[in-house]
Amino acid sequence: MFAYVVRRVLATIPVMAVVALFVFSLLYIAPGDPAAVIAGDQATPADVERIRASLGLDRPYLVRFGAWLWDILRGDLGTSIFTNLPVSTMIAQRIEPTLSLMIVTLLLAVSVAVPMGVVAAWKQGTIVDRAVMAFAVLGFSVPVFVVGYLLAYFFALEWDLLPVQGYTPFARGFWPWLQNLILPAIALGTVYIALIARITRATMLEVLQQDYIRTAKAKGVGQRAILFLHALKNAAVPIVTVIGIGIALLIGGAVVTESVFAIPGLGRLTVDAILRRDYPVIQGVVLLFSFVYVLVNLVIDLLYTLFDPRIRY
Amino acid sequence: MSTTVLPPGVAAAAPMPDILPAVKPKTGFTGFLRRNPTIAIGGFLMLLMVFVAVFAPFLWTKDPTALAPALRTREPSAEWWFGTDMLGRDVYSRVLYGTRVSLTVGFSVAIFASLAGLTIGLISGFIRIADSIIMRVMDGMMSIPPILLAIALMALTRGSVGNVILAITIAEIPRVSRLVRGVVLSLREQPYVDAAVAAGTRTPVIILRHILPNTLAPLTVQATYICASAMITEAILSFIGAGTPPIIPSWGNIMAEGRALWQVKPYIVFFPAVFLSITVLAVNLLGDGLRDALDPRMAKRL
């Protein structure tokens with residue numbers, strides 16, 4: 001077990017190295033010369049050259065990559081070209097709304113999608129099953145901003161039930177915070193719910209055909225206990241795997257959702273950075289999101305033994 | 001010979017007809033469509049969208065880029081079916097022309113990503129040394145969420161349809177490569193491949209004749225899903241200002257321009273949104289139908 005954990009953790013190092021190399025190359029080949037920008041319009045070519053040398057921009061590619069990686073490992077993500085603030089500070093300022101949105105969406109999606117998939121599998125072939133599958137196809141097809149605008153139009157503008165846009169920090173109370181996140185979470189969660197519900201249904205269909213389920217039925221175990229205690233436990237591994245992989249959808253969707261609902265999070269930071277071509281910020285956000293994604297999937301991998309004690313390493 | 005005595009209340013079985021009424025299996029194209037309603041519906045909607053894209057100039061459209069500041073933000077009416085936007089452009093015409101961008105991006109990305117993924121997957125599945133390196137690179141690329149990867153690539157270049165296609169293709173390649181590699185690795189263990197090796201067939205021939213045809217079914221299904229996700233990604237990129245240039249009417253651009261006014265003039269966002277959703281739905285239905293028809297094993301899994 002311990003050997004497995006060590007091996008699995010070590011296996012993420014090459015993955016993160018590839019990500020880092022890719023993200024670094026992004027800045028390396030980005031158009032525009034930072035030295036020329038810093039030197040200003042009045043600078044002579046000699047001045048620009050001097051600044052370039054002082055920034056270390058004249059060194060070879062791999063040397064620069066090493067220096068950059070060393071900075072990253074010490075928590076220095078560089079400085080924004082536009083605001084002149086450290087990228088890590090800018091990320092820290094924006095991380096709460098995004099983290100809140102993702103956590104609320106994750107909880108909402110899992111608590112809706114898993115029962116949906118279970119019921120669809122139990123009632124296979126009935127109208128309930130068809131409705132769930134139809135929802136799944138629609139959920140994959142209707143893009144997040146479309147769901148977002150529809151929800152905002154009806155629930156906020158027409159019926160005035162929830163705030164249209166914006167974000168309230170958690171520090172100002174639980175309900176004001178949640179109120180602003182309900183619509184974005186549903187919008188962002190739709191595709192995620194579709195994905196999880198589909199996998200849950202497929203896995204449950206397989207598990208429900210096994211002998212021990214028939215035994216449980218035969219000895220008179222209740223339907224609900226069979227589904228949620230006996231069957232779901234054995235279906236857990238694929239479901240949890242998809243929840244982890246689906247985080248990528250959440251991250252991509254968050255960028256859009258934050259634009260639709262005017263949430264000042266990392267997604268907005270990314271969009272603003274693109275419009276201003278603020279490469280260090282883009283780099284920092286991509287790096288952070290990828291790191292979180294790899295980390296979440298690592299943790300899920302390590303937790304498999306909890307869901308399924310038969311798995312031994 | 002005695003006659004069979006039936007207990008009371010049981011009627012004698014009706015004599016079997018000589019020939020059972022023939023159940024004629026529906027054959028041909030119509031039969032195929034009837035057995036696969038999702039392909040029929042998805043295909044129909046898809047053809048409709050292709051028709052709209054090709055014949056956009058003849059479907060009572062105006063110049064989609066013509067500005068008319070005096071006619072700004074008109075509500076939908078007989079003159080402007082979908083209303084006009086902030087600059088007085090006809091939303092109906094822009095949405096119809098937008099179909100072209102969406103389909104071009106969707107189809108191109110599906111084709112290019114499949115071809116690249118097929119090549120990489122085949123190489124990876126057959127050449128051991130290349131495999132570990134390629135798969136590490138693919139793992140790394142896959143741990144960057146695809147939309148972010150596309151955004152990062154678009155930040156490097158000017159917005160153009162070609163660059164959007166390239167960026168989304170790169171973001172989609174890792175998944176296709178993994179799929180093809182997986183199929184190749186499982187096919188390599190098949191007895192018929194062993195037989196071909198034993199018969200002295202050269203590796204390129206084995207790949208082309210025995211492996212490649214078997215990857216096509218899952219690859220086709222994957223390609224439709226890539227097409228759907230590419231269309232959504234294109235709309236997202238354009239929506240956040242990192243996609244096609246504003247001069248080209250694409251659904252994402254129309255929505256981005258309608259965003260500022262969406263609380264008072266929701267129709268500007270609404271119409272392209274409906275078109276995008278229907279098109280993506282059509283492709284997804286087509287993909288689900290193809291999966292069920294081409295690969296029953298995969299159909300059971302999902």
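Side chains included, hydrogens not; waters and symmetry mates left out as well; all remaining heavy atoms used. As the structure is a computational prediction, the values presented were derived from the model and not from experiment. Note on naming: letters A, B, ... go to the chains in the order of the sequence lines (proteins, then strands), and numbering restarts at 1 for each one.
- Taking the six-membered ring where the residue is Trp, A:Tyr149 and B:Phe239 present perpendicular rings, their angle passing 60° and hence far from 30°.
- Contacts between A:Val142 and chain B at a heavy-atom distance below 4.5 Å involve backbone atoms as well as side-chain atoms.
- Ranking A:Leu26, A:Thr12, A:Val271 against chain B, the residue ahead of the rest is A:Leu26, based on heavy-atom pairs under 4.5 Å.
- Contact between B:Ala152 and A:Val286 at its shortest, heavy atoms only, is CB-CG2, 4.3 Å.
- Atom-to-atom distance recorded for A:Leu287:CG and B:Ile144:CD1 is 8.5 Å, nearest 0.5 angstrom.
- Of the two parts of B:Thr279, neither the backbone nor the side chain holds a non-hydrogen atom closer than 4.5 Å to a non-hydrogen atom of chain A.
- Residue A:Ala152 touches chain B through both its backbone and its side chain, counting heavy-atom pairs closer than 4.5 Å.
- The candidate from A:Val19, A:Val285, A:Val144 with the greatest count of non-hydrogen atom pairs under 4.5 Å with chain B is A:Val19.
- For A:Arg130, the CZ atom sits in a loose shell: 12 or fewer heavy atoms of surrounding residues, nucleotides or ligands are nearer than 6.0 Å.
- Open room surrounds CD1 on B:Ile247; 12 or fewer heavy atoms of other groups in view lie less than 6.0 Å from it.
- Only the side chain of A:Ile274 comes within less than 4.5 Å of a heavy atom in chain B; its backbone stays farther off.
- Side-chain atoms of A:Tyr279 come within 3.5 Å of backbone atoms of B:Ala155 as a donor-acceptor pair (strictly under, hydrogens ignored).
- There is no contact between B:Ile278 and chain A, counting heavy-atom distances below 4.5 Å.
- Ranked by heavy-atom pairs shorter than 4.5 Å toward chain A, the options B:Leu281, B:Ile147, B:Val269, B:Ile232 are led by B:Leu281.
- A pairwise comparison of heavy atoms in B:Met141 and A:Val18 identifies N-CG1, 4.4 Å as the closest pair.
- In this structure, no portion of B:Ala150 lies under 4.5 Å from any heavy atom of chain A.
- For A:Tyr293, the part lying under 4.5 angstrom from a heavy atom of chain B is the side chain only.
- Remark: B:Phe270 CZ is loosely packed, at most 12 non-hydrogen atoms of other residues, nucleotides or ligands lying under 6.0 Å away.
- Few gaps surround CZ on A:Phe135; more than 12 heavy atoms of other groups in view lie less than 6.0 Å from it.
- Residue B:Met142 touches chain A through its backbone alone, counting heavy-atom pairs closer than 4.5 Å.
- The contact list for residues 128-137 of chain B toward chain A, using heavy atoms and a distance under 4.5 Å, reads B:Arg136, B:Val137 by residue number.
- The contact between A:Tyr153 and chain B is made by backbone and side chain atoms together, counting heavy-atom distances below 4.5 Å.
- Taken from OG in A:Ser259 to CE in B:Met255, the straight-line distance is 12.5 Å, to the nearest 0.5 Å.
- The parts of A:Phe140 that come within reach of chain B are both its backbone and its side chain, each placing non-hydrogen atoms under 4.5 angstrom from that chain.
- Heavy atoms of B:Asp139 lying under 4.5 Å from chain A belong to its backbone as well as its side chain.
- Atoms CD1 and CD, on B:Ile240 and A:Glu258 in that order, are 11.0 Å from each other to the nearest 0.5 Å.
- Taking OG from B:Ser143 and CZ from A:Phe22, the interatomic distance works out to 10.5 Å, rounded to the nearest 0.5 Å.
- Looking only at heavy-atom pairs under 4.5 Å with chain A, the residue among B:Ile236, B:Val274, B:Thr233 that has the most is B:Ile236.
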